[in-house]
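Everything below concerns the one structure shown next.
Computed from a predicted structure; not experimentally measured. In what follows, every chain begins at residue 1, and chains take the letters A, B, ... in the order their sequences are listed.
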Protein chains: 2
Amino acid sequence: MAKRRTQADKSDASARKVLKAALSLFARQGFRATTMRQIARRSGLSVGNLYHHFGGKEEIFGQLIDQYWQVLLDPELPLNKIFSAARFPEDLEEMAAAIEQVVAENSAHILLIYIDVIEFKGKHIKAFYQQMADRFAATYAERLAARQEAGELGEADPLVAVMLATRWFFYFFTVEKCFGVPMHFGLDSHQAVHEFSKILRRGLDPRDVKNP
Amino acid sequence: MAKRRTQADKSDASARKVLKAALSLFARQGFRATTMRQIARRSGLSVGNLYHHFGGKEEIFGQLIDQYWQVLLDPELPLNKIFSAARFPEDLEEMAAAIEQVVAENSAHILLIYIDVIEFKGKHIKAFYQQMADRFAATYAERLAARQEAGELGEADPLVAVMLATRWFFYFFTVEKCFGVPMHFGLDSHQAVHEFSKILRRGLDPRDVKNP
DNA sequence: CAAAAAAAACCGAACGCTCGTTCCGTGAAC
DNA sequence: GTTCACGGAACGAGCGTTCGGTTTTTTTTG
């Protein structure tokens, strides 16, 4: 039953093949270094057919960026469920694991972000990042402020803290999984997350209770 | 007296002009998108002359990367003086300020690092980064371990802590000054450094003394 | 239900252009 | 007279895109 192919199905399948091929090529070589002929060959379509499905090379790139936004905005994404729970900083390790998963499963798309910054001056991503920062602040602001009022948190601004932790873990795993520098702290990722969490939670200064 | 130009002086001056022109073009457009004709026009030389001074486009890029290594390895660099003093974490704010200065004064060169990662798979930088991590560990390892033994530091691994702090500040200022996203935490850089330092020093958990 | 017509998927040659690099000529410095 | 900084045309290759045509699917029509 899945054999019968309607025209729309074929078109969808072709577009998907193109996007998949283009993603791996862009991620490995950047935008300018990737040619339409390479994308055509790898996706099994002809060059002319590429232009039947897409307006041009940059549109393919733009659609790939959009794919990543949709992943990041999906409420079912484990990372987003953790954000909604807003149990920071108790869930630091869970957050790190969820971010590691996002980076691992989307390493090619994340590279596109850096390609956009370098080859397009951030043209395709700037608006989105601004919007995401605002959404983030809206999600966390009141809840964390309330918890700080109740003395459950330390004296640092909890909104800055959650942004720092999030961004740090994204950066750490991006370097490891996208830039190809594994164990760049001399630790495997599990140990590294453990150390980072300890620092973020307890701080670098000695605690009074630790000096009897 | 500075008028008299020997042949070697002219050659040096020309090479410098080429490197300066190429740096600003590479940083704005990436490697592949920058053409030898653009570099020639901006540096005021002819295309043929470019190939008299440099073996090709990639050699120009490589020499620019080397320029940045020389800056980072200079013992007179304020950041390196702070590292040698090894007063971490008391000097967190000084360290941040020194890193901000490095990023601000070398923003174009730092972009080359990211260009190398994307367009050359990190070919020009990988060896150096490995070497730098080792040097870093060698500088800090015993001193920080000794201080921790003396109870001057918290329970976190101080070597991981200093690497985290360094990398975080580099990353923060790179996003701000190289990727063109100012105030991306909703704070200006001075406030942001203050908040980051508070988090790193005191941690996110409440201190016992703060709950009377 | 089949035949004809319209639409959509698809191909690959061709176009116009720009690229990195080479080559050769010129004039100033040694 | 030899060397060296320099200029600019020329080369061969490869680029993104266009275009005319063929095949396949869908729709229309008798």
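Distance Asp9(A) CG to dT26(D) P: 9 Å, rounded to the nearest Å. To the nearest angstrom, P of dG8(D) lies 13 Å from CZ of Arg41(B). The CZ-P distance, from Phe54(B) to dT22(C), rounds to 16 Å in whole Å. If you measure from atom CG of Asp12(B) to atom P of dC4(D), you get 15 Å, rounded to the nearest angstrom.
Side-chain contact check for Gln101(B) and Glu105(B): at least one donor-acceptor pair (N or O, by modelled atom type) lies under 3.5 Å.
Classified by interplanar angle (parallel below 30°, tilted 30° to 60°, perpendicular above 60°), the ring pair Tyr68(A)/His109(A) is parallel. The aromatic rings of Tyr114(B) and Tyr114(A) lie parallel to each other, their planes meeting at an angle below 30°, with 60° marking the opposite boundary.
Here side-chain hydrogen bond (donor to acceptor under 3.5 Å, both in side chains) pairs that include residues 156-181 of chain B, with residues two or more places apart or in two chains, are Glu100(B)-Lys177(B).
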Test ring pair (Phe, Tyr, Trp, His ring centres under 6.0 Å) on His184(B) and Phe172(B); report intermediate values, then the result. CA-CA 9 Å; His184(B) 58 296; Phe172(B) 176 79; 4.6 Å; yes

For the pair Phe31(A) and Phe120(A), evaluate ring pair (Phe, Tyr, Trp, His ring centres under 6.0 Å) and give the outcome as yes or no after the intermediate values. CA-CA 9 Å; Phe31(A) 181 80; Phe120(A) 293 101; 4.8 Å; yes

Which letter, B, S or -, goes with each nucleotide of nucleotides 6-19 of chain C from 5' to 3', with contact meaning a protein heavy atom under 4.0 Å? --SBBBB-B----B

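Within 6.0 Å of CZ on Arg32(A) lie no more than 12 heavy atoms contributed by other residues, nucleotides or ligands.
For the segment residues 19-31 of chain A, the set of residues with a heavy atom within less than 4.0 Å of an atom of DNA chain C is empty.
In this structure, the ring of Phe88(A) has its center no less than 6.0 angstrom from the ring center of Phe83(A).
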